Amino acid sequence: MPELPEVETVVRGIKPSLVGRRVEEMWHDWDKTIHSPTPDEFAARIVGQRFQNVRRRAKYIICELDNDFLVIHLKMTGRLYVVPAENDYDADKWVHFRLQLDDGTQLRFSDMRKFGKVYLTNDIKTITGKLGPEPLEDSFSLDVFEERLAGRSKMIKPLLLDQTFVAGVGNIYADESLHMAGIHPKRRSNSLTDDEVQALHGTVRAALQKGIDQEGASFSWYRKPDGEPGAMHKHFLVFRREGEPCYNCGTMVEKIRVAQRGTHFCPACQPLGS
DNA sequence: CGGACAACCTGGCGGC
DNA sequence: TGCCGCCAGGTTGTCC
C-alpha cells in the first residue's frame, strides 16, 4: 500500500495523539511482525518509555522514544492508528501489534498480509543508513539527482523504485511521475536527455507532493489514521487506468510488466523510441 | 552493476 | 456456488 505520501499522512495523523504519551504495555499475536529485538526484549524495553516525536524517513515511521526508536514499516497492507482502548478489537481482525498508552488509548498496527514490521533500536542508522535522499527535501537538488544517475544504466522505473537511489517512491508514484515527464518506464537511465532528467526531477517531487496534498491513495487497503480514505486515487493520470484515455492525448493507457511490476503508461506521450 | 525470481502472507477477482 | 489461478501499493535475498 503505502508510499511516501501515504506514510507522511499517517505520521501527520498519529503524531498529535502520541507525543507525550508513555507506553504501559505491549501486545502482539504474530512473532514475525516483530522484526527485532525478540518480542520479550521488545516488550521489556519499550514499557515505560515516552513518545518524544514522530516523523517519517522514506516509507518508515520513526517514533523517537526516551531511549530507543520505535520504527514501523507498513509494507503492502499495514495500517497504524490510535483509538480508545475500549474500542472493539473485533472491528479490525488484522491487528497484530498494540501498545497500551497512559491516557487510555492504544496504538494499533493492523496488517492483513503480515508483511509489515516493527523495530526497536537505539541506532536508527541500522535501518535508515542505506536509504537514498528524501525527494521532497531541498537538498534533493537537480545536481544531486544528476550525480546519482551518473554511471547507472538500468531501466528508469526500477531505478526510481530502488530505495537506495531515492527514498520513498513506490509503484504508484513512479508511474505517475514518469508519465508527467513523458518518459517511457523502460527507458535506460543513461539514455535520458538533460531536459528529461530535469523534467523527471521535477515530476517525482510534484507527484509525491500531490499525493500528500490529497492525503494518499485509497483504491484498496490504505486508510488514513482516522479511518477515512485519501483522495489521491481520484487524480491518477495513468495508474490503474489501463484501457482508459490519456488525459493529455486521448490514447488508451496501457499496462505492461516492467521488472515484475505492473506498469501503467501512455504509449503516445511516453514513447520508447527506436 | 543489472536482471530474473522466489519468499514473506491474505484476500479479491475473473474464468470456468 | 465452488475451485483455481492470478493479481496486489514493498523489500530482501539468491543466483546467473
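In what follows, chains carry the letters A, B, and so on, assigned in the order in which the sequence lines appear, proteins first and then strands, with residues in each chain numbered from 1. All figures in this text were calculated on a predicted structure; none of them were measured in a lab.
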Touch class at under 4.0 angstrom, heavy-atom based, for A:Q163 against every strand present:
sugar-phosphate
Return the orientation label for the A:H201 and A:F145 ring planes: parallel under 30°, perpendicular over 60°, tilted otherwise.
tilted
A:R241 and A:Y247: side-chain donor and acceptor closer than 3.5 Å?
yes
For atom P, what is the distance between C:dG13 and B:dC9, given to the nearest Å?
15 Å
Please check the phosphate of B:dG2 (OP1 and OP2 only) for any side-chain N or O of A:R152 closer than 4.0 Å.
yes
Phosphate OP1/OP2 of C:dA8 contacted by A:R257 side-chain N/O (<4.0 Å):
yes
Regarding A:D68 and A:R45, does a basic nitrogen lie under 4.0 Å from an acidic carboxylate oxygen?
yes
Given C:dA8, B:dG3, C:dT11, which nucleotide is nearest the side-chain atoms of A:K255?
C:dA8
Look at A:D66 together with A:R22 and state whether they make a salt bridge at an N to O cut-off of under 4.0 Å.
no
Reckon A:H73 has a side-chain N or O less than 4.0 Å from the OP1 or OP2 of C:dG10?
no
Sorted by chain and residue number, the side-chain hydrogen bond (donor to acceptor under 3.5 Å, both in side chains) partners of A:H264 (sequence neighbours excluded) come out as A:D175
Quick one: A:M76 CE to C:dT12 P, roughly how many Å, whole number?
14 Å
Describe the nucleic acid contact of A:G116 in one word from base, sugar-phosphate, nothing, applying a heavy-atom distance below 4.0 Å.
nothing
Symbol by symbol from the 5' end, with Watson-Crick or G-U pairs under 3.5 Å, [ ] crossing and | another strand, DNA chain B is .|||||||.|||||||
Expressed as a whole number of Å, how far does the P atom of C:dG5 sit from that of B:dA6?
16 Å
A:E134/A:R56 ion pair, N-O < 4.0 Å
yes
C:dG10 P sits how many Å from A:L131 CG, rounded?
14 Å
Is there a side-chain contact between A:N171 and A:K157 in this structure, where contact means two heavy atoms from C-beta onward sitting under 4.5 Å apart?
yes
Check A:L159, A:N190, A:V144 against A:L149 for a side-chain contact (heavy atoms from CB on, under 4.5 Å) and give me the one that passes.
A:L159
First of A:T263 and A:K59 reached from the 5' end of DNA chain C, by closest nucleotide:
A:T263
Pick base, sugar-phosphate or nothing for A:Y173, based on heavy-atom distances below 4.0 Å to the nucleic acid.
nothing
Should the pair A:K75-A:D111 be classified as a salt bridge under the 4.0 Å nitrogen-to-oxygen rule?
no
Per-nucleotide protein contact string for nucleotides 7-14 of chain B, where B marks a base within reach and S marks sugar-phosphate only (heavy atoms under 4.0 Å, - for neither):
-BBBS---
Return yes when atom CD of A:E25 has more than 12 non-hydrogen atoms of other residues, nucleotides or ligands closer than 6.0 Å, and no otherwise.
no
Grab the CG-C1' distance between A:N190 and B:dC1 for me, whole Å please.
12 Å
How long is the line joining CD of A:Q260 and P of B:dG3, in whole Å?
10 Å
Can you measure A:D162 atom CG to C:dT12 atom P for me and round it to whole angstrom units?
10 Å
